[in-house]
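What you see below is based on every heavy atom in this structure, not just the backbone, and it leaves out hydrogens, waters and symmetry mates. Order of appearance sets the numbers: ligands from 1, and atoms from 1 within every ligand.
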Amino acid sequence: MNVGIDGLEVWTGKLKLDLPGTFAPAKGEDPGKYTKGLGLYTSSLPDAYEDIVTMAANASKRLLERKEIDPRDIGRIDVATESAFDNSKPVSTYVAGCLDQVFDGEFRHANKGERKFACVSGTQALDDAYNWIQAGRSRGRAALVVATDTALYARDDPGEATQGAGAVAMLVDEDPDLVSLSEAQGIGSVDETDFLKPNQQFPSVDGKRSMQVYLARMREALQDFARNGGDTHPDTFDLVPFHTPFPGMVQKAAALGFRHCVRNTEVETQLEDEIGRQPRRNEFDNRDNYFEAIKSYTKDLRETDTYQGWYARTVEPTLDISREVGNWYTGSVHVARTAGMKAALESDRDLVGSSLLVASYGSGAQAEIHAETVQPGWREEIRQLNIYDQLDSRYSLSFEEYEAIHDVHNHDESTDLEPFTTPTDEFVFDGWGRMGERKYTHVE
Ligand code: HMG
């Protein structure tokens, strides 16, 4: 059965923080850390009336309306998030409550849940929907899968540089218009304590270690994918979307992944005259010397035309949106897929039948690799997205305004702030109910 993503919509927080222009000077930092080091230009942040529910519901409404989906056609609503505000009632019930306000019919019959495993849960929710359809339990209905997060860090935490807020809504169905998912899948998963939120809103992070853990789990997932029958030759893939906490992380992961995948292939042989053969562990009597040799080989590999051509074609286009929005946690890898396909559309690349290698990751820690095949309807799907218009119309915050809006979204503060933007035809946060629940309304 051909099962995958039939369509998607991306919804960004309405505010932006200019990282090199506003944030770096306020922190006394060199703007080059953002533009050259992390590869980030602006962060998306939520206005006072926005949160994970409004962004998820707004992306979903746009998607269901555009695809002309009736509530009866949806059998499942799953939300992936690591910014949930309730340990019992899932965010998907709030999202369905919003959608009930504007659609004829209800989502009463739809199975709802919430997926948690840091950023990788967006892909896990996609997997759940895929498995549900493959198992024959969908009875012709589609799944609505939404990845939504306000990726905020405590003020002055190094992670503050990588914040973001937004949602990606995906419709998962048989005979999809956008991409179908591979059966083969690779997992690299180990109990780690590099990034976690033990009953707290903002994460405790060991930033540098989190980067090492990301790379290690990604390598294991690639090995597992190959063991499970997945093709890992880099030339097989037209795009390689990675989980993108910031583009600089993906640059490191892409080089390691490419090196791993070309070992013992004709690509390694072709590069031998230029940079030698890849070091092998059995050629070294201790690990440190081996790691030094690998580091130096990877540096040389990144300078080759072969690597740079591959990177420019398959990875660089996937970073276009991330540079402007920061980390969206569960939505991040799905933003990368969207950006890569949007860039392909704009440069008139024909992707039908081509393969994407999708590399998801969540701290704590687990990487997941699967392949996707682009479907004939992809151009129409991608053409309908308005994410670049949304990005252009964000309100640009001063540093003082940024501090104020960060406080508004801090669960330990109780500040009120006039919104910076005016909502139109969208769901907004509308105050608190009698049991402490959050209330939402649709404004015209
Ligand atoms: P930091 O200490 O603020 O930054 O931490 P830095 O000093 O390491 O600089 C960052 C890069 O900019 C470095 O590049 C610098 O050299 C370079 P690198 O050495 O790594 O290649 N740089 C410059 N380049 C040019 N001109 C300059 C300049 N200055 C510096 N003037 C860190 C950075 C990422 C650790 C921090 O932002 C952080 O803790 N972030 C949060 C954790 C994170 O994003 N980890 C990524 C992997 S884990 C993951 O992806 C999971 C996650 O999404 C959560 C989940 O799964 O739920 C986070």
Is E316 salt-bridged to R323, going by a charged N under 4.0 Å from an acidic O? yes
Which pairs would a plain distance check flag for residues 47-60, meaning a side-chain donor or acceptor within less than 3.5 Å of a matching protein atom at least two apart in sequence or in another chain?
residue : atom : partner : partner atom : Å
D47     : OD1  : F420    : N            : 3.2
D47     : OD2  : F420    : N            : 3.1
D47     : OD2  : T421    : N            : 2.8
D47     : OD2  : T421    : OG1          : 2.6
Y49     : OH   : K14     : NZ           : 3.1
Y49     : OH   : T421    : OG1          : 2.6
E50     : OE1  : K14     : N            : 2.9
E50     : OE1  : D47     : N            : 2.8
D51     : OD1  : V53     : N            : 2.8
D51     : OD1  : T54     : N            : 3.0
D51     : OD1  : Y440    : OH           : 3.4
D51     : OD2  : R438    : NE           : 2.9
D51     : OD2  : R438    : NH2          : 2.9
D51     : OD2  : Y440    : OH           : 2.5
T54     : OG1  : D51     : N            : 2.9
T54     : OG1  : D51     : O            : 3.1
N58     : OD1  : F427    : N            : 2.8
N58     : ND2  : T54     : O            : 2.8
N58     : ND2  : F427    : O            : 3.4
S60     : OG   : A56     : O            : 2.7

Salt bridge flag under 4.0 Å for residues R155 and E160: yes
Qualifying residue, where the test is side chain to side chain contact (heavy atoms under 4.5 Å, CB included) with M170 and the options are T338, D6, L126: L126
Of all the heavy atoms in F246, does at least one lie under 4.0 Å from an atom in ligand 1? yes
Which of the atoms of ligand 1 are close to E82, meaning less than 4.0 Å from one of its heavy atoms? 55 (C), 57 (O)
Could you tell me which atoms of ligand 1, counted from 1 in the order shown, lie closer than 4.0 angstrom to a heavy atom of S363? 48 (S), 49 (C), 51 (C), 52 (C), 54 (C), 55 (C), 56 (O)
In ligand 1, which numbered atoms sit nearer than 4.0 Å to a non-hydrogen atom of H243? 49 (C), 50 (O), 51 (C), 52 (C), 53 (O)
Taking ring pair (Phe, Tyr, Trp, His ring centres under 6.0 Å) as the cut-off, I'd like each qualifying pair that reaches into residues 323-345, sequence neighbours left out, listed once. F195-Y329
Considering both backbone and side-chain atoms of P245, is one of its nitrogen or oxygen atoms within less than 3.5 Å of a nitrogen or oxygen in ligand 1? no
Distance to the ring centre below 6.0 angstrom and angle to the axis at most 45 degrees; does that hold for R76 and W132? yes
Which ligand 1 atoms, with their elements, are less than 4.0 angstrom from a heavy-atom of G362? 56 (O)
At what distance is the nearest protein heavy atom to atom 49 (C) of ligand 1, and which residue and atom is it? Y361 CE2, 3.7 Å
Do any non-hydrogen protein atoms sit less than 4.0 Å from atom 41 (C) of ligand 1? yes
Before signing off on this row, confirm whether Y214 and ligand 1 have an N or O atom pair separated by under 3.5 Å. no
Indicate whether atom 13 (C) of ligand 1 is within a distance of less than 4.0 angstrom of some protein heavy atom. no
Below 4.0 angstrom from a heavy atom of K36, which ligand 1 atoms are there? Numbered from 1 as shown, please. 25 (C)
Nearest protein heavy atom to atom 16 (O) of ligand 1: under 4.0 Å? no
Nearest-option assignment for atom 23 (C) of ligand 1, heavy atoms, candidates M211, K33, K116, E192: K33
One finds that the ligand 1 atoms under 4.0 Å from a non-hydrogen atom of T162 are 37 (O)
Using 30° and 60° as the class limits, which term best fits the ring planes of Y307 and F258: parallel, tilted or perpendicular? perpendicular
To the nearest 0.5 Å, atom CD1 of I5 lies from atom CG of L178 at 6.0 Å
Candidates M249, K208, R217, E29; heavy atom nearest atom 2 (O) of ligand 1 found on K208
Just checking, is any N or O donor in the side chain of Q375 or S180 under 3.5 Å from an acceptor N or O on the other one? yes
Heavy-atom count around D392 CG within 6.0 Å, excluding the residue itself: above 12? yes
Non-hydrogen atom of K252 closer than 4.0 Å to ligand 1: yes
Hey, can you tell me if F23 and F399 have their rings parallel, tilted or perpendicular (30° and 60° cut-offs)? tilted
Nearest non-hydrogen contact to atom 47 (C) of ligand 1 from the set P203, A161, A24, S210 belongs to S210
Distance-only donor-acceptor check, side chains S332 and H243, under 3.5 Å: yes
Considering only NZ, NE, NH1 and NH2 on the basic side and carboxylate oxygens on the acidic side, decide whether E220 and R227 come within less than 4.0 Å. no
With respect to N327, determine whether any N or O atom, backbone or side chain, lies less than 3.5 Å from an N or O atom of ligand 1. yes
Specify the protein heavy atom at minimum distance from atom 10 (C) of ligand 1: its residue, its atom name, and the distance to 0.1 Å. L38 CD2, 3.8 Å
Heavy-atom distances under 4.0 Å are what count here, so tell me which part of V213 touches ligand 1: side chain, backbone, both or neither. neither
of all protein heavy atoms, closest to atom 25 (C) of ligand 1 is G32 O, 3.5 Å
Check ligand 1 against D30 and write out every atom of the ligand that is under 4.0 Å from a heavy-atom position of the residue. 31 (N)
Which distance, rounded to the nearest 0.5 Å, do you find between the CH2 of W378 and the CD1 of I382? 7.0 Å
Option nearest atom 36 (C) of ligand 1 (shortest heavy-atom distance, choices P158, S360, S83, G207): P158
Given C119, P31, G159, which one has a non-hydrogen atom that is nearest to atom 38 (C) of ligand 1? G159
Which word best sums up how the rings of W432 and F429 line up, parallel for under 30°, tilted for 30 to 60°, or perpendicular for over 60°? perpendicular
In ligand 1, the atoms that come under 4.0 Å of a heavy atom of V205 are 42 (C)
Verify atom 32 (C) of ligand 1: protein non-hydrogen atom under 4.0 angstrom away: no
